[in-house]
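Quick note: residue numbers are just sequence positions, from 1. Just so you know, these numbers come straight off a predicted model, no measurement behind them.
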Amino acid sequence: MSKSWRNKSITIILALFFVSILLFSFTFVNSTPYTGQSIAETYNLTVGQSIFEGQSVLGENKTIEVPFLSNVGFLGHQVLALDLNGIVMALSTGVVPFDFTTVSSEGIDSYGNAKDIEGPGYLTFEGDKLAVKGPDNYVWGYSAPSKVLTKTSTGVDIVEDGKVLQSVPTDEIKNLNFSSEYFNNDTIVSWYNYDAQEGSNFTLEKGMVGFSDGRNDINASMVPVIFGQDVVDYANEYPTGSPILLYSGNYTEQTGETAGTTFDSHPEYGDALREVNARQFVEAWNGTIIPPNSTSSGKDYIYFESASDASAPGGSAAHGVCPPARALRDASLAEGFEMPVGLTMDDSAVLFGYNPASGVTVTNNHDYPVKIQMWCEGEGVGMGIYCNFVRYIPNG
């Protein structure tokens, strides 16, 4: 053993011995009583925040230091971790890092970092203790406007999370630089001129609210950070307010009920046009995931061609959507769900007045999510149209 290593070892042993003496000496010193609630209130911890393994419940670059003499026991976790720098710091400065294990029940280490969780956890209370809980098998919420355009008497306001960022006069709306896969400035100008009333909103970005596990709402900028870009893309496809499955883990996919129908001929409405609408219906519903005990429509921004029909309100209707609607209806009923809103048991399955994509809704009464799969086989009259439910069964 070298002389330098021998000296270092002696120093470490003496330091640990000295700490042991201090811990014994101050055994009877009264410590300040802490609770999870008092720590959260004193240091403004964001209870309900989403948090990942290794992240601090205190946020970026924050620490809690308390007087050493009234919290001698807090030095124990540094001794166990052989944190010599921390020991020396405590002895020389008179302060010691707060030991979070004294006010937490699970998921938080002594330094306030999240531990032993997979996926996006969240900070919460268990009684008077703090805890970081891992996500359940499934986490879902509802999309909500985060950044919008609000029509005013003189133009539009750009509003983010309730705060007006900018007021834009009418003649400058055409120069706004907002767009996505589903809208652009032409869409916005058309909305302003023909659809919107004063006070109406046009959603530019969506946040998430109403989480199934009670965690805090998040704005649009945090959705991809916490739950991934795929969630953003999915939410953009569906109407604002739709239930969104944000996280799923430890489950097995099980094939549920399947139903099919045949694309029949109604030449009086144009079978080619009807086939386009049938395929649009399939596109609108294929891939829709409905969380437990939730109700969802099909996708937004799906358009249908109209055919003249004297019996329809307004004299036209989106003919061709009824064959795939029958497949969706029959599979839903076989799965044990109620009749989808907007559909009937008739061959003309879609009621007038309901958009076949965003207006029809299916309610999942299971305690686990389901995914709707729809597809076509063949083309033209006689084409097969099918609907299948996939169940996300939790393991254990």
Side-chain angles (χ1 to χ4, degrees), residues 35-60 62 100-101 103-109 111-147 160-163 203 205-236 238 240-251 289-296 364 366-369 392 394-396:
T35 65
Q37 187 75 43
S38 68
I39 290 296
E41 291 176 353
T42 301
Y43 297 98
N44 297 316
L45 303 192
T46 308
V47 176
Q49 67 175 306
S50 295
I51 191 167
F52 287 90
E53 175 81 15
Q55 289 183 332
S56 173
V57 300
L58 294 167
E60 294 292 332
K62 290 183 180 179
F100 273 88
T101 62
V103 295
S104 64
S105 61
E106 65 173 287
I108 305 176
D109 69 15
Y111 293 96
N113 299 316
K115 68 171 186 176
D116 301 331
I117 61 171
E118 294 184 10
Y122 63 103
L123 181 64
T124 187
F125 286 113
E126 279 194 338
D128 64 350
K129 299 280 190 177
L130 289 167
V132 171
K133 296 280 192 180
D136 298 329
N137 290 84
Y138 317 106
V139 177
W140 67 93
Y142 296 83
S143 64
S146 184
K147 190 172 187 177
E160 185 167 13
D161 298 327
K163 181 180 179 181
T203 300
E205 298 176 2
K206 299 175 183 178
M208 293 292 157
V209 302
F211 285 92
S212 57
D213 56 10
R215 71 181 69 205
N216 291 350
D217 300 342
I218 57 176
N219 62 22
S221 65
M222 292 305 297
V223 175
V225 174
I226 298 172
F227 295 106
Q229 184 62 37
D230 287 349
V231 166
V232 177
D233 296 339
Y234 183 94
N236 285 338
Y238 289 81
T240 301
S242 296
I244 310 294
L245 185 65
L246 301 163
Y247 171 87
S248 56
N250 194 27
Y251 70 93
I289 300 174
I290 311 179
N293 300 297
S294 300
T295 299
S296 179
N364 170 20
H366 296 326
D367 292 328
Y368 47 81
Y392 291 5
N395 297 328

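Under the 4.0 Å criterion applied to side-chain N and carboxylate O atoms, Asp161 and Lys163 are not assigned as salt-bridge partners. Salt bridge present: Glu126 and Lys133 bring a charged side-chain N and a carboxylate O closer than 4.0 Å.
Of the possible polar contacts, one joining the Asn364 side chain to the Pro291 backbone as a donor-acceptor pair under 3.5 Å is found. Between the side chain of Asp230 and the backbone N or O of Tyr234 there is no donor-acceptor pair closer than 3.5 Å. Listed for the Asp109 side chain is a donor-acceptor partner under 3.5 Å among the backbone atoms of Gly112. The main-chain N or O of Asn137 is never found under 3.5 Å from a side-chain atom of Tyr392 such that the two would form a donor-acceptor pair. Judged purely by atom type and a 3.5 angstrom limit, Ser38 uses its side chain to pair as donor or acceptor with the backbone of Thr35. Remark: side-chain polar atoms of Glu118 are not paired, donor with acceptor, to backbone N or O of Gly134 under 3.5 angstrom. With hydrogens and angles ignored, the 3.5 Å screen pairs no side-chain donor or acceptor of Asn250 with any backbone N or O of Pro394. Put simply, the side chain of Gln49 gets close to the backbone of Val57: a donor and an acceptor are under 3.5 Å apart. Of the possible donor and acceptor atoms, none in the side chain of Ser242 sits under 3.5 Å from a partner among the backbone N and O of Tyr238.
A side-chain contact (heavy atoms from CB on, under 4.5 Å) with Pro243 holds for exactly one of Ser296, Ser143, Pro292; it is Ser296. With respect to Pro135, the side-chain contact (heavy atoms from CB on, under 4.5 Å) criterion is satisfied by exactly one of Pro120, Ser212, Ser50: Pro120.
Side-chain contact between Ile244 and Tyr142 is absent, with no heavy atoms from C-beta onward closer than 4.5 Å. Under the 4.5 Å side-chain criterion, counting only non-hydrogen atoms from C-beta, Ile218 is in contact with Phe227. Counting heavy atoms from C-beta outward, Asp217 and Met208 have side chains that stay 4.5 Å or more apart. Ser294 has its side chain within reach of Trp140: a pair of non-hydrogen atoms, C-beta onward, lies under 4.5 Å apart. Inter-residue side-chain proximity for Ile117 and Phe52 is flagged as unmet; no heavy-atom pair is nearer than 4.5 Å. In this structure the side chain of Val132 never reaches within 4.5 angstrom of the side chain of Tyr122, judged on heavy atoms. At a threshold of 4.5 Å between non-hydrogen side-chain atoms, the residues Ile108 and Thr101 do not count as touching. Annotation: side chain of Lys147 is not in contact with side chain of Lys206 (no heavy-atom distance under 4.5 Å).
Put simply, CG on Asn236 and OG1 on Thr203 are 10.0 Å apart, with the number rounded to the nearest 0.5 Å. Atom CD1 of residue Ile51 and atom OG1 of residue Thr124 lie 12.0 Å apart, to the nearest 0.5 angstrom. Taken from CG in Leu130 to OG in Ser104, the straight-line distance is 7.0 Å, to the nearest 0.5 Å. In this structure, the separation between CG on Leu45 and OG on Ser56 is 8.5 Å, given to the nearest 0.5 Å. In this structure, OH in Tyr138 is found 9.0 Å from OH in Tyr368, a value given to the nearest 0.5 Å.
Taking a 6.0 Å sphere around CD of Glu106, one finds it holds more than 12 heavy atoms contributed by other residues, nucleotides or ligands.
Closest heavy-atom contact between Thr240 and Pro145: CG2-CD, 3.5 Å. Here the closest heavy-atom approach between residue Asn216 and residue Thr46 is recorded as ND2-CG2, 3.6 Å. Closest non-hydrogen pair, Ser146 versus Asn219, comes out as OG-CB, 3.6 Å. Minimum interatomic distance between Ile289 and Pro369 (heavy atoms only, all atoms of both residues): CG2-CB, 4.5 Å.
Remark: the Asn293 side chain and the Asp367 side chain contain an N/O donor-acceptor pair separated by less than 3.5 Å.
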